[in-house]
Amino acid sequence: MVQYARVSAFQVREAFRVAAEWLSANRDGINAINVYPVPDGDTGTNMLLTWRAALAAASEDSSHAGEMLAGCSRAALLGARGNSGVILSQMIRGLAEAASGLEDLDAAAIVAGLRTASITADEAVSAPVEGTMLTVLRDAAGAAEATLAEEHGIRSVLNAAVAEAYASVERTPLLLPRLREAGVVDSGGLGVAVILEGLARGLDGEPLPLTIRATATARVDVAGIEHEGHGYCTEFVVAGPGIDRRALQEELAALGGESILVVGDARTVHVHVHLPDPGPGISAGVRHGEVTAVKVDNMQAQHEDWLRGLGGLEGAEPAAGGAALPAIGLVAVAPGEGFARTFRDLGAVALLQDEGAKTSAGELLRAARRAGTDHVFLLPNDRDILMAAEQAAREAPGFITVLPSRSAPAGIAAAIAYWPDGDPDAAGKRMIDAMEGVRVVEVSRAVRNATVDGVTVSAGDAIALVDGLLIGRAQTLEGALQVGLALAAGSGAEIVTLYLGQEAEPGAGPRVEALIRASHPGLAVEVVEGGQPRYPYVLGVE
Amino acid sequence: MTVRVVTDSTADLGPDRARDLGITVVPLSVLFGEEALLDGVEITADQFFKRLAREPIMPTTAQPSAGAFKIAYEALIAEGATGIVSCHLSEALSCTLESARQGAGGLPVPIIHVNSKQVSLGLGVGVIEAARAAAAGATVEEVAAVATDVFRRTHIIFTLETLEFLRRGGRMSRGREIMGTLLNVKPILTIQDGLVEPIGKIRTKQKAIEDIVGRCAELRPVQYTFAVYATTPDDLAYIDDRMRGIAPDAPFFSGRIGPVIGTHGGPGTVGIGVVTSPDEHSPAFLPK
């Protein structure tokens with residue numbers, strides 16, 4: 001096999017194409033890697049669509065690698081979907097910056113490209129976490145640099161990068177407790193390794209492997225990893241005059257608490273925390289008021305039961321594959337038709353979230369341009385669209401502001417506070433205030449056995465997440481809803497909005513509404529169609 | 001010389017206050033189908049809201065006839081009025097003022113018509129001030145100037161249980177389709193240039209009341225505050241308390257929304273108003 005010293009724009013384009021092909025082959029496997037036992041993983045799809053956006057901009061006529069990559073970079077920034085896609089687009093940007101002015105690339109340029117890509121991506125993430133795609137690319141760039149010191153063949157440096165990337169993927173659970181707990185590797189990291197492998201094969205002209213990487217490496221043997229830091233899932237209620245929630249939260253964190261939720265108002269708060277020792281946590285509560293309804297579960301014991309029940313990991317199946325414009329405009333991403341209607345009814349331009357791929361930065365940017373004349377606020381309404389929204393905002397500085405809504409019910413609260421004229425700063429503040437007063441309960445069924453956030457669930461269990469944390473399980477969806485609501489409602493809540501998902505049973509609305517009224521007589525309840533997939537019930541609690 | 005003040009039933013003054021101040025109130029009508037009832041005369045607020053909750057048909061409203069105004073003006077002239085100031089519901093929302101003008105034709109004393117560009121106690125407070133000026137011996141021009149000045153300084157902000165009644169009655173100035181009908185969002189509205197203008201929306205009634213109290217608290221300096229309610233007296237008590245905290249020295253008027261305003265606002269309507277203090281544009285003649 002030829003060991004190229006330099007590659008042309010044509011070869012780089014071919015490498016991008018092969019990488020897209022390889023990523024496509026591995027997409028379902030990457031999608032299936034999901035910390036939560038709900039089949040909503042779409043990292044593979046988001047990365048693939050972002051990569052394809054870059055590839056589509058790589059002109060076949062281009063004879064200048066640096067210029068071609070600059071075009072790819074621009075296209076990827078706008079085509080980026082999901083946080084993994086946004087980070088990938090920043091990697092492509094780094095690669096393009098390193099290649100700027102170069103007509104063709106040698107090994108040193110490629111290694112510099114990997115390093116710049118890594119640095120650019122690190123800088124794009126406000127609070128970088130190790131054990132993610134950032135780590136994988138950094139490790140791969142390091143290996144490529146070490147190889148370059150010895151030899152200058154492109155194939156040698158890329159092979160070193162690919163080998164190190166896969167090794168780094170295997171290490172991600174050691175770096176990131178959530179992955180370890182869930183027994184998976186990082187999906188975005190695997191995506192990076194797959195792309196690097198595709199690029200290497202494409203530059204080489206070597207055929208792609210026959211085995212799909214994603215299924216071979218998707219899951220790690222959790223039984224073989226020391227299961228640490230689980231301790232005790234501790235819940236209690238604190239009542240008293242003037243409880244400082246933030247102080248209590250900080251005290252619990254100082255005691256080694258994880259998955260901390262302190263919800264309620266100044267008079268009553270519900271606390272949910274995982275502690276190595278529950279005693280000091282409860283004592284911390286006592287310092288703030290009278291403690292009642294204490295519930296402590298030994299999560300280690302739960303985990304051991306789970307492993308015993310499974311007979312190791314054998315039974316653990318991976319998830320299935322995956323008018324006149326107002327002065328101030330609002331764009332909202334809606335996870336279902338019902339949510340889209342509700343957002344429009346409140347004056348927003350609603351973007352219906354496709355199933356399987358996240359809304360791209362470019363889609364958000366285009367929507368913003370038809371939403372308002374002076375200033376537009378973006379409601380991503382999803383943790384995984386936040387970075388794409390921020391990327392869109394960077395394209396139109398001073399015009400777009402991202403309101404970091406992490407869920408659709410939080411976005412609805414912001415949209416209610418939306419007003420199309422007045423002072424944009426005041427409008428933004430009003431919407432953020434409204435959004436922060438919302439707790440979200442999501443109810444679904446686990447599709448596999450898993451331990452997440454210290455809660456161990458089996459396939460088929462109804463599960464409840466509060467503000468994105470798995471907090472409990474039950475036999476029925478309604479039971480799980482009550483578990484979530486009990487925590488989310490605290491004592492300060494006034495109103496609950498139930499959003500019925502695609503999978504809610506016919507007639508579920510009035511039945512669940514009656515259940516909530518019976519268990520929480522002080523709460524107003526409204527039921528609307530949300531139309532969201534996978535979560536039959538989503539609740540916004542204000 | 002005796003100047004008398006006339007208004008219509010949408011001022012929501014209540015019979016006692018009107019009588020004590022010598023104000024003549026010409027009633028509009030509410031219609032349940034074919035049945036027309038004189039606002040505050042043949043149907044009280046209590047009766048109206050009970051009926052509204054019960055009846056399958058939605059009521060509508062009608063302005064007084066020119067003849068009704070003619071009779072009212074003639075009665076005052078017979079009592080010795082030498083001039084009449086007739087203040088009415090915003091002309092952009094109702095033809096009441098047009099009827100009043102027609103009813104004044106051919107009468108032997110000067111009659112000045114004032115478009116309050118207000119509704120409910122927003123109209124009522126200006127009428128009370130005008131009546132006080134008249135009682136203090138002001139001329140017909142001076143009384144009209146006082147009323148006009150108070151209306152200019154009056155700001156009313158209100159919230160509804162639902163926009164349904166306002167929409168049905170066609171009294172929304174602009175069809176801003178951003179008000180949230182799928183969720184039970186509470187609209188925040190004001191009267192601007194005599195038109196109903198939406199200015200905000202809020203999720204719960206309690207927060208809506210806090211919001212309008214907050215918006216009113218920004219209007220300063222304060223001469224009077226007032227509040228009106230349709231069916232929720234507890235809201236009025238709460239607002240009274242809050243407004244006394246915000247403007248402790250300003251007199252507070254309260255009133256109940258009558259059948260005609262109730263037809264367009266619906267049950268649960270709550271409004272707060274502020275009359276800001278007289279300023280350099282206010283007429284020199286003002287009663288104490």
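Numbers restart at 1 for each chain; the letters A, B, ... are given by sequence-line order, proteins then strands.
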Between [Y] and [X], is there a side-chain donor-acceptor contact under 3.5 Å, judged purely by atom types and distance?
X        : Y        : value
B:Thr61  : B:His264 : yes
B:Ser90  : B:Gln118 : no
B:His155 : B:Thr190 : no

Measure [X] against the heavy atoms of chain B and call it side chain, backbone, both or neither at under 4.5 Å.
X        : answer
A:Phe343 : neither
A:Arg430 : neither
A:Ile412 : side chain
A:Ile495 : side chain
A:Ala348 : neither

What donor-acceptor contacts under 3.5 angstrom involve side-chain atoms of residues 403-410 of chain A, with partners at least two apart or in another chain?
from, atom 1, to, atom 2, distance (Å)
A:Ser405, OG, A:Asn381, N, 2.9
A:Ser405, OG, A:Asn381, OD1, 2.7
A:Ser407, OG, A:Ala410, N, 3.3

Positions in residues 236-251 of chain B that reach chain A, provided some heavy atom is under 4.5 Å away: none

Residues 210-219 of chain B: residues contacting chain A (heavy atom under 4.5 Å, by number): none

Assess whether atom CG of B:Asp279 is packed by more than 12 heavy atoms of other residues, nucleotides or ligands within 6.0 Å. yes

Within the 6.0 Å centroid threshold, strictly below: A:Tyr537 and A:Tyr499: no

Side chain from CB out, backbone as N, CA, C, O: work out which of these in B:Leu183 comes under 4.5 Å of a heavy atom of chain A, or both, or neither. both

Do any N or O atoms from the side chain of B:Asp8 and from the backbone of B:Leu89 form a donor-acceptor pair under 3.5 angstrom? yes

Rounded at 0.5 Å granularity, tell me how far [atom1] in [X] sits from [atom2] in [Y].
X        : Y        : atom1 : atom2 : result
B:Lys201 : B:Lys207 : NZ    : NZ    : 14.5 Å
A:Ile471 : A:Leu487 : CD1   : CG    : 5.0 Å
B:Arg153 : B:Ser277 : CZ    : OG    : 7.5 Å
B:Thr96  : B:Leu28  : OG1   : CG    : 4.0 Å

Is [X] salt-bridged to [Y], cutoff N-O under 4.0 Å?
X        : Y        : value
A:Glu494 : B:Arg203 : no
B:Asp149 : B:Arg152 : yes
A:Arg534 : A:Glu442 : no
A:Glu542 : A:Arg439 : no

Residues of residues 520-533 of chain A near chain B, each having a heavy atom less than 4.5 Å away: A:Glu526, A:Val528

Could you check whether the rings of B:Phe253 and B:Tyr224 sit parallel, tilted or perpendicular, using 30° and 60° as the cut-offs? perpendicular

